Each structure stands twice: as C-alpha cells, then as structure tokens.
Amino acid sequence: MNRTLTILAFGACVFAGLAAPAQAAPEMSLTRFDCGTPPAPFALNPRFSDTFSYGDLKLQFVFSCYLIKHGDDYLLWDTGHAMTAPNVAPKVSLVDLLAKLDVKPEQIKYVGISHYHADHTGQVASFPKATVLIGKGDWDAITSPNPAQGVNFKPFEAWIKGESKVEALALDKDVFEDGSVIVLRTPGHTPGHSSLLVKLPQTGAVVLSGDAMHFRENYDAFGVPAFNYDRAQTVASMERIKKIASNLKATIIIQHDARDVEKLPAYPASAK
Ligand SMILES: [Zn+2]
C-alpha cells in the first residue's frame, strides 16, 4: 500500500469509528451463590495470621460463588466446593442454582477462577464449554507434572488435556473489553491469585476478593495467613484493592466473610 492509500485507509478507520452509532450499555447483574456449607466457627490464630494477631477471635467462614451477567454473556466467578467434599459440600449444586435463574451450563462463556484451592474450584468440571480465566502462576501449578499439595488440579482435566479452553492470565483482563468486568492480578495467597472488579450500572463498582484477604480484620490490618505463597505480594495486593476501593468508591466483598454476604441481595435476587 502506498503512503497516500495508507493515510486514506487510516482516515476511513477513524471516520468509521466516529460515525458508528453509540452502543447501548449492556444489561448487567451480579448474583451471589452459597457454594459450600459453613464449618463451625474456628480460631483464626495461628493459621490465618503469621503474626498471631487475633487473640482468641473465632469466625465462621462462608463459601461464595458469583454469576455476572453482561448482555447475553455470563461469567461465573469461582465454583465453590465439590458436591462430594466432606462436611463442607454445598447443599445445592451450581448447575441447579443456575437452573433456577434459567441459565444453562453451556451459556456460561467464562469461568473466572480466583485461585487453585479446592473451595474455589470444586465444580468447574460442570462447565466444559466455558473458557477458564485464571492467573498464569496458578495455571502453571495446576499443569505441573507434580502439582503441590493444595493445588486442586483434578477438576481441570478437560482444560489440561486441551479439550476445553483456558486463558492463563499474566496481566489483568478486561473480559468484555468495555471496562465493566476486569480480572485483577492480586498474587500472594497463591502465585497467580486474582480478584474481580465489576462495575454495575446502578450499584457501582464491586470487588470480589477471592482470598486476597479472608475476613475484615485481616483486610483492615494487612494480616497475612501463615500458609500464603508470598507475604510481600499478599500485602501489596491488599494495598492495591484498598486503593481501587478508594478511587472507584468500590464495595469490597470478602468472599469468605459471612458479614459481607448481606452486601449483595440474597439469591435468587441480584445486584444491578
Ligand atoms: Zn478460599
């Protein structure tokens, strides 16, 4: 292409961009699911603080998954415990929870995985048609010839074999390319840990924590669980989330904190 043609083509592209009709904003919603049965309250020291911060404080953890609707597309964020998990299995499977919302498994375009632990990955195999979005560090751990203890690789068999699609994310991912749903790199709990930013038309910005932090006290005081992969990364990721919260006036939802469940409408209702 000679120079004049190149300039003409470039001009046409710019003009086409300007002339395109404004796209209507897609309908969006965020629904929370119970994805496990809470165990009895337990003492947080020493497992959930490497500085023994919490005295005798006990908390009951909940297990959460989320459905994000974006126009005709759906993203599922985390898949909870397996239905066969001892003691903590969900009462109702994700497939059945979705059915009540008239969503079939094959309509799930993306399954975003915060990290490779069993309480976030247990039911991923129910969505073989979905593209899995997962941090590269976690995907590398899942596909390692000898996965480390705690890496719940088994339900990813179809993705490991290449029968299903996966995007191993080295950076943040703007899922629908309009800034409304962004997978955030928040490593530290695991090597490729991620959180999710969702900008809802009415509710505003929401951050789903994954396990960047496990409960409010540990977020407020930069508490680091003793079993985390990397202490400095954990603190940096919490700092990132706090800055996003302040800049976007975002609602922070700590997925394991029972006190954060009520920040969203109770299933089957959804935040818009
Ligand atoms: Zn967890």
Side-chain angles (χ1 to χ4, degrees), residues 32-50 54 57-67 76-91 93-94 97 111-125 132-135 137-139 141-142 147-156 183-196 206-219 222-231 233-235 237-238 241 252-261 263-264:
R32 179 190 175 273
F33 303 123
D34 260 326
C35 280
T37 300
F42 60 90
L44 297 161
N45 281 339
R47 188 166 157 74
F48 285 93
S49 171
D50 65 1
Y54 302 117
L57 179 64
K58 288 185 176 182
L59 283 178
Q60 183 171 41
F61 277 16
V62 293
F63 303 100
S64 309
C65 311
Y66 304 86
L67 179 72
L76 193 59
W77 179 249
D78 279 344
T79 65
H81 274 297
M83 296 307 289
T84 51
N87 307 317
V88 286
K91 301 247 187 312
S93 73
L94 260 177
L97 289 164
V111 175
I113 296 287
S114 67
H115 65 294
Y116 51 51
H117 288 152
D119 55 324
H120 299 259
T121 55
Q123 296 176 69
V124 68
V132 162
L133 306 177
I134 186 168
D138 277 32
W139 184 245
I142 286 170
Q149 202 189 359
V151 179
N152 191 35
F153 63 96
K154 285 192 182 134
F156 291 95
V183 180
L184 305 171
R185 265 192 308 160
T186 51
H189 182 58
T190 60
H193 184 278
S194 304
S195 305
L196 191 72
V206 174
V207 175
L208 306 175
S209 65
D211 287 358
M213 54 277 187
H214 290 76
F215 47 94
R216 211 171 283 168
E217 289 81 354
N218 132 314
Y219 182 48
F222 290 105
V224 179
F227 62 99
N228 272 18
Y229 167 76
D230 187 296
R231 184 174 219 286
Q233 287 183 4
T234 304
V235 172
S237 291
M238 278 191 273
I241 292 170
I252 304 299
I253 297 180
I254 302 175
Q255 294 182 205
H256 280 305
D257 195 319
R259 297 162 294 186
D260 278 13
V261 169
K263 290 182 179 174
L264 291 172

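Please read these numbers as outputs of a predicted model, since none were measured by experiment. All ligand and atom numbering here is 1-based and tracks the order in the structure.
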Practice problem: List nothing but the number: protein N/O/S atoms under 2.8 Å from the Zn ion (ligand 1). | Solution: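 Those protein atoms number 4 in total.
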Practice problem: Decide side-chain contact (heavy atoms from CB on, under 4.5 Å) for Asp78 and Phe63; before the verdict, give the C-alpha distance in whole Å, the side-chain angles of both, and the deciding distance to 0.1 Å. | Solution: CA-CA 10 Å; Asp78 279 344; Phe63 303 100; over 6 Å; no
Quiz item: Given the rule in the side-chain contact (heavy atoms from CB on, under 4.5 Å) test, do Phe33 and Leu76 qualify, once you have shown the distances and angles that lead to the verdict?
Solution: CA-CA 10 Å; Phe33 303 123; Leu76 193 59; 4.1 Å; yes
Quiz item: Would Tyr229 and Tyr116 count as a close aromatic pair, with their ring centres under 6.0 Å?
Solution: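 Tyr229 vs Tyr116: aromatic centres not under 6.0 Å.
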Self-check item: Candidate list Asp138, Asn228, Asp211, Asp230, test side-chain hydrogen bond (donor to acceptor under 3.5 Å, both in side chains), partner Thr190, passing option
Solution: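 Of Asp138, Asn228, Asp211, Asp230, side-chain hydrogen bond (donor to acceptor under 3.5 Å, both in side chains) with Thr190 is met by Asp138 alone.
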Practice problem: For residues Pro38 and Gln60, report the shortest heavy-atom separation together with the two atoms involved. | Solution: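 Nearest heavy atoms, Pro38 then Gln60: CB-NE2, 3.7 Å.
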Quiz item: What do the steps show when you test Leu44 against Glu217 for side-chain contact (heavy atoms from CB on, under 4.5 Å), and what is the final call?
Solution: CA-CA 11 Å; Leu44 297 161; Glu217 289 81 354; 5.8 Å; no
